[in-house]
Q: 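Structure below; questions to follow.
The analysis underlying the following values was restricted to heavy atoms, covering all of them including side chains, and did not include hydrogens, waters or symmetry mates.
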Amino acid sequence: MRDIWAKLQAMDDGAASRKRARTAEAPEDDAATEAAPPVTDPIPWERPEGYGFFPALLLTLRQILLRPTAFFTAMPEGRPKGKALVFNLLISEFLLVIDFLWTLIGLRAGGQAELSGSLPASTGLSFLIVLLLVPPALTCGIYLDAWITHLLLLLFRNARKSFSETFRVLCYSAAPTVLSAVPVAGQILSPIILVWYMALQALGLKKIHDGSYTQILAAVFIKWSLYLFLLLAMLQSFTPGR
């Protein structure tokens, strides 16, 4: 009988010991959970699940605009192009919506007509169609721009990384264009915004490809000169009387 009571007592003591051990371990687990480091990424936009959609977008914009050298220096390599492309497309769609709204209230050229009367239904429908057509058209344009840029870098022997890295740099370099959403100042500062955009492209390509600034700037200058020439040729072809 004494042996049975001794075994039962031993079982109770063992259960109590295990309970105390679990109780002692629980605070340590909680402390470990509380001490878990926050999500960090050189490009917050590429980790929206950790930052949140809008915070990740705004943080990335702020880093590119205020600390571009640190941003492109720390930009990880080998990541897919998709998120960088979506970043660029979101900026473009945002600018379209803002420009449409400013036009409605008369803060853009052509907006006074809508103030004097109701907005025709066809105008809103046309805007929706444009909003849907812009992403595929802009995607083709970004790919073409990236291929031209990468080809020029190859010609200057400065393409030390893949086409994907060139593509991502060009997508993120579009951040300054968001400033054109300001109704009046955005139009006045358009030349500055364009120069800023070009400078970010050159800086990003320099940091990613680790090439010569002279040759990188030459590639960017030749590319934009080509675009300007094509634009002037198109405008001249549409000039009345020709």
Q: At what distance, to the nearest 0.5 angstrom, does OG of Ser126 lie from CG of Leu133?
A: 11.0 Å

Q: Is Asn158 reaching over with its side chain to a backbone N or O of Phe156, donor-acceptor style, under 3.5 angstrom?
A: yes

Q: Membership question, hydrophobic clusters at under 4.5 Å side-chain separation (ILVMFWY): are Phe72 and Leu217 in the same one?
A: no

Q: If you group Ile, Leu, Val, Met, Phe, Trp and Tyr by side-chain heavy-atom gaps below 4.5 Å, do Leu151 and Leu170 land in one group?
A: no

Q: Under 3.5 Å, is there a donor-acceptor pair linking the side chains of His209 and Thr166?
A: yes

Q: Less than 6.0 Å separating the ring centroids of Tyr172 and Phe71?
A: yes

Q: Mind checking the CG-SG spacing from Leu138 to Cys140? Nearest 0.5 Å is all I need.
A: 9.0 Å

Q: I'd like to know if the side chain of Arg47 and the backbone of Asp41 have a donor-acceptor N/O pair within less than 3.5 Å.
A: no

Q: When rounded to the nearest 0.5 angstrom, what is the spacing between OG in Ser162 and NZ in Lys81?
A: 8.0 Å

Q: Do Asp99 and Leu95 have side-chain heavy atoms sitting under 4.5 Å apart?
A: no

Q: Table please: side-chain donor-acceptor pairs of residues 222-230 below 3.5 Å, with sequence neighbours left out.
A:
unit_1, atom_1, unit_2, atom_2, d
Lys223, NZ, Asp145, OD1, 3.1
Lys223, NZ, Thr149, OG1, 3.1
Lys223, NZ, Gln201, OE1, 2.8
Trp224, NE1, Gln201, OE1, 3.3
Ser225, OG, Phe221, O, 2.7
Tyr227, OH, Asp145, OD1, 2.6

Q: With rounding to the nearest 0.5 Å, note down the distance linking CH2 in Trp102 to CD1 in Ile98.
A: 6.0 Å

Q: Trp45 side chain to Lys83 main-chain N or O, any donor-acceptor pair under 3.5 Å?
A: yes

